[in-house]
Amino acid sequence: MMLLAFDDEALLARGLAAALGWPMALVQRHRFPDGETRLRLPPALPARVVLLRGLQDPNAKLTELLLAAAGARELGARHLTLVSPYLAYMRQDIEFSPGEVVSQRHLGRLLAAAFDAVVTVDPHLHRVATLDEVLPGRRGLALSAAPLLGAHVARHLPGALLLAPDEEAGQWVRAAAQAHGLDYAVCHKQRHGDHEVDVALPGTSVAGRAVVLLDDVASTGRTLAAAARGARAGGAASVDVAVTHALFVGDALAQVRAAGVRQVWSSDCVPHASNAVSVVPVLAAALQSLEELAR
Ligand code: R5P
């Protein structure tokens with residue numbers, strides 16, 4: 001076994017390799033002046049290789065990922081697993097308007113052609129039930145950071161009310177709340193554009209409660225900001241945030257703070273200053289059980 005990773009995810013990779021007791025190597029990259037990249041892998045790879053690559057900033061990373069996978073096969077990897085703690089393009093899962101490319105389906109096919117198995121965390125599966133449906137003929141494993149985030153909230157704010165900013169986040173809020181005996185409720189969201197979001201609070205009163213907004217992804221932060229404003233207006237004693245994937249692009253964090261959010265906690269699926277819980281044990285256990293199945 002060997003774990004391969006890229007330098008910008010070395011921290012997560014080292015933690016994972018240590019938890020599994022596997023050797024680890026970094027993919028060496030050289031960026032040519034014209035924007036192309038030269039990759040260098042360890043020249044002799046074992047038969048089973050796990051490649052760690054989160055797909056935040058996906059367009060820049062996908063070419064490298066597919067080249068690295070093809071190169072790994074040539075260098076001896078017969079079974080290749082992708083661990084992508086954040087799997088991009090999962091939200092574009094239907095043709096929202098005529099002619100629109102269903103990116104989830106096509107990215108799934110590309111990954112299925114390159115890898116034997118794909119492990120990820122809280123993929124945004126809304127209209128499909130399982131990751132296997134996205135990866136035709138391959139093994140897909142969707143893990144969740146929601147119970148870890150729930151444990152973190154329960155430790156820091158016992159008695160908190162977990163709030164899903166939209167119906168799609170209901171699954172994660174339920175999982176986090178039920179695992180730790182917390183109350184939860186689900187808001188209703190309407191998105192009008194990339195940065196225009198309305199969130200209506202549920203019937204449950206938030207007055208005087210320590211509210212924690214829990215979602216899978218924070219991208220522009222507008223969803224969390226709208227929900228936070230609603231919770232503040234409803235009289236919440238405090239509003240904190242817990243997310244699996246801390247993308248926080250552009251002014252997202254500033255928007256969230258301006259909406260009255262106190263603390264932002266995230267998992268380390270995406271390296272970010274807000275990382276507060278580690279998915280290493282969950283990833284390690286999943287990889288261990290995949291290996292046991294393969295024996
Ligand atoms: C979508 O439904 C997701 O669960 C998130 O709520 C969404 O991606 C967050 O996006 P943004 O931070 O741009 O509002």
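Note: hydrogens, waters and symmetry copies are ignored here, and every other heavy atom, side chains too, is used. First listed ligand is number 1; within each ligand, the first listed atom is number 1.
Distances below 4.0 Å separate heavy atoms of Ala218 from the following atoms of ligand 1: 12 (O). Counting the atoms of ligand 1 from 1 in the order shown, those under 4.0 Å from a heavy atom of Thr223 are 6 (O), 9 (C), 10 (O), 11 (P), 14 (O). Contact atoms of ligand 1 toward Arg222: 12 (O), 14 (O) (distance under 4.0 Å to a heavy atom of the residue). Remark: ligand 1 atoms within the under-4.0 Å shell around heavy atoms of Asp166 are 1 (C), 2 (O), 4 (O), 6 (O).
Looking only at protein heavy atoms, the nearest one to atom 3 (C) of ligand 1 is Asp216 OD1, 3.4 Å. Nearest protein heavy-atom neighbour of atom 2 (O) of ligand 1: Glu168 OE1, 3.0 Å. Here the protein heavy atom with the shortest distance to atom 9 (C) of ligand 1 is Val217 O, 3.4 Å. Given atom 11 (P) of ligand 1, the protein heavy atom at minimum distance is Arg191 NH2, 3.1 Å.
The side-chain heavy atoms of Val119 and Thr81, taken from C-beta on, include a pair separated by under 4.5 Å. The closest side-chain heavy-atom distance from Thr37 to His30 is not below 4.5 Å. Taking 4.5 Å as the limit, every side-chain heavy atom of Leu4 sits out of range of all side-chain heavy atoms of Leu52. The shortest side-chain heavy-atom distance between Val280 and Leu12 falls under the 4.5 Å cut-off.
Residue-level proximity to ligand 1 for Thr220 is carried by backbone and side chain together, each with a heavy atom below 4.0 angstrom. Both the backbone and the side chain of Ser219 come within 4.0 Å of ligand 1, judged by heavy-atom distances. Under 4.0 angstrom from ligand 1, there are no non-hydrogen atoms of Leu224. Only the side chain of His124 comes within contact range of ligand 1, with a heavy atom under 4.0 Å; no backbone atom does. The side chain of Asp215, and not its backbone, has at least one atom closer than 4.0 Å to an atom of ligand 1 (non-hydrogen atoms only; side chain from C-beta on).
When all heavy atoms are compared, the tightest approach of Gly221 to Val256 is O-CG2, 3.6 Å. The two residues Asp122 and Ala146 come nearest to each other via the heavy atoms OD2-N, 3.7 Å.
Looking at Gly221 next to ligand 1, an N or O pair under 3.5 Å apart turns up. At a 3.5 angstrom cut-off on N or O pairs, Lys189 counts as close to ligand 1.
No salt bridge links Lys189 with Glu167; every basic N to acidic carboxylate O contact stays at or beyond 4.0 Å. A salt bridge does not link Arg14 with Glu9: every distance from a Lys NZ or Arg NE/NH1/NH2 to an Asp or Glu carboxylate oxygen is 4.0 Å or more. Taking 4.0 Å as the cut-off between side-chain N and carboxylate O, Arg78 and Asp116 do not count as a salt-bridged pair.
Distances from ligand 1 to the non-hydrogen atoms of Arg91 include at least one value under 4.0 Å. Under a 4.0 Å heavy-atom criterion, Pro165 is not in contact with ligand 1. Residue Ala169 places every heavy atom at 4.0 Å or more from ligand 1.
Taking the centre and axis of the six-membered ring of Phe6, the NZ or CZ atom of Arg53 falls inside the cone set by 45° and 6.0 Å.
Counted within 6.0 Å of CG on Leu11, heavy atoms from surrounding residues, nucleotides or ligands total 12 or fewer; the atom is thus considered open.
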